[in-house]
*Asks:* 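Here it is: the structure, laid out below.
Because the structure is a prediction, the values reported are computed rather than measured.
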Amino acid sequence: MYKAAVIGDRQSVMGFRALGLTVECAETPVQAADALHRLAQTGHAVIYITEQLAGQIPQDIARYLDLPQVAVIPIPSKDGVLGIGDRELHQAVERAVGADILRSPDED
């Protein structure tokens, strides 16, 4: 059975424990990268990570972009939205279908 986890600062992620997700508190990029790799190696198929930390470890996240076994998904933290998750979603869709079909017409 695949598991889901969330990585981020304590205040942003502790509520996910009540939903049954594995919670990894990380305050630094090194802690976040270590948690990401550990979770990916222990059967976690979906790993949510706060955008603030995701923005600091793009090279670590990139290792999992093309692996069907692990999905790394940036989420907002208590500090708000940075738009990283939205940009990555657009890039994933563009890679999958060859065009950014999510772009709104007024973005031309």
*Asks:* State, to 0.1 Å, how close Gln56 and Pro29 come at their nearest heavy-atom pair, and which atoms those are.
*Replies:* OE1-CG, 3.0 Å
*Asks:* Are Ile75 and Met14 connected in the hydrophobic side-chain network, where two residues link if heavy atoms are under 4.5 Å apart?
*Replies:*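 As far as the 4.5 Å side-chain criterion goes, Met14 and Ile75 are connected within one cluster.
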*Asks:* Counting distance only, does the side-chain N/O of Gln31 pair as donor-acceptor with the main-chain N or O of Thr28 below 3.5 Å?
*Replies:*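 Yes, Gln31 side chain to Thr28 backbone: donor-acceptor pair under 3.5 Å.
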*Asks:* Scan Asp34, Val30, Val72, Leu36 and name whichever one has a side-chain contact (heavy atoms from CB on, under 4.5 Å) with Ile57.
*Replies:* Leu36
*Asks:* What heavy-atom pair brings Pro74 and Ala54 nearest, and what distance separates the two atoms?
*Replies:*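 Residues Pro74 and Ala54, closest heavy atoms: CB-CB, 4.3 Å.
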*Asks:* If I take atom CZ from residue Arg17 and atom SG from residue Cys25, how far apart are they, to the nearest 0.5 angstrom?
*Replies:*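 Arg17 atom CZ to Cys25 atom SG measures 6.5 Å (nearest 0.5 Å).
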*Asks:* Do NZ/NE/NH1/NH2 and the carboxylate oxygens of Glu27 and Arg10 come within less than 4.0 Å?
*Replies:* no
*Asks:* Backbone N or O of Arg38 within a donor-acceptor pair of the Thr42 side chain at under 3.5 Å?
*Replies:* yes
*Asks:* Any sub-3.5 Å donor-acceptor pair from Lys3's side-chain atoms to Val46's backbone N or O?
*Replies:*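 Looks like no, no N/O pair under 3.5 Å.
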*Asks:* Any side-chain heavy-atom pair from Thr50 and Ile7 closer than 4.5 angstrom?
*Replies:*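 The answer is no, as the side chains (C-beta and beyond) never meet within the 4.5 Å cut-off.
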*Asks:* Measuring from Leu65:CG to Arg63:CZ, what's the distance to the nearest 0.5 Å?
*Replies:* 11.5 Å
*Asks:* Take the angle between the ring planes of Tyr48 and Phe16 and call it parallel below 30°, perpendicular above 60°, tilted in between.
*Replies:*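 Correct class here is parallel.
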*Asks:* CD1/Ile49 to OG/Ser12 distance, rounded to the nearest 0.5 angstrom?
*Replies:*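 The CD1 atom of Ile49 sits 11.5 Å away from the OG atom of Ser12.
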*Asks:* In Å, rounded to the nearest 0.5 Å, how long is the span from NE2 of His37 to CD1 of Ile47?
*Replies:* 9.5 Å
*Asks:* Can you measure from CD (Glu24) to CG (Leu21) and round to the nearest 0.5 angstrom?
*Replies:*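 Reported to 0.5 Å precision, the distance equals 11.5 Å.
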*Asks:* Mind listing the closest non-hydrogen atom pair of Leu39 and Ala5 along with its distance?
*Replies:* CD1-CB, 3.7 Å
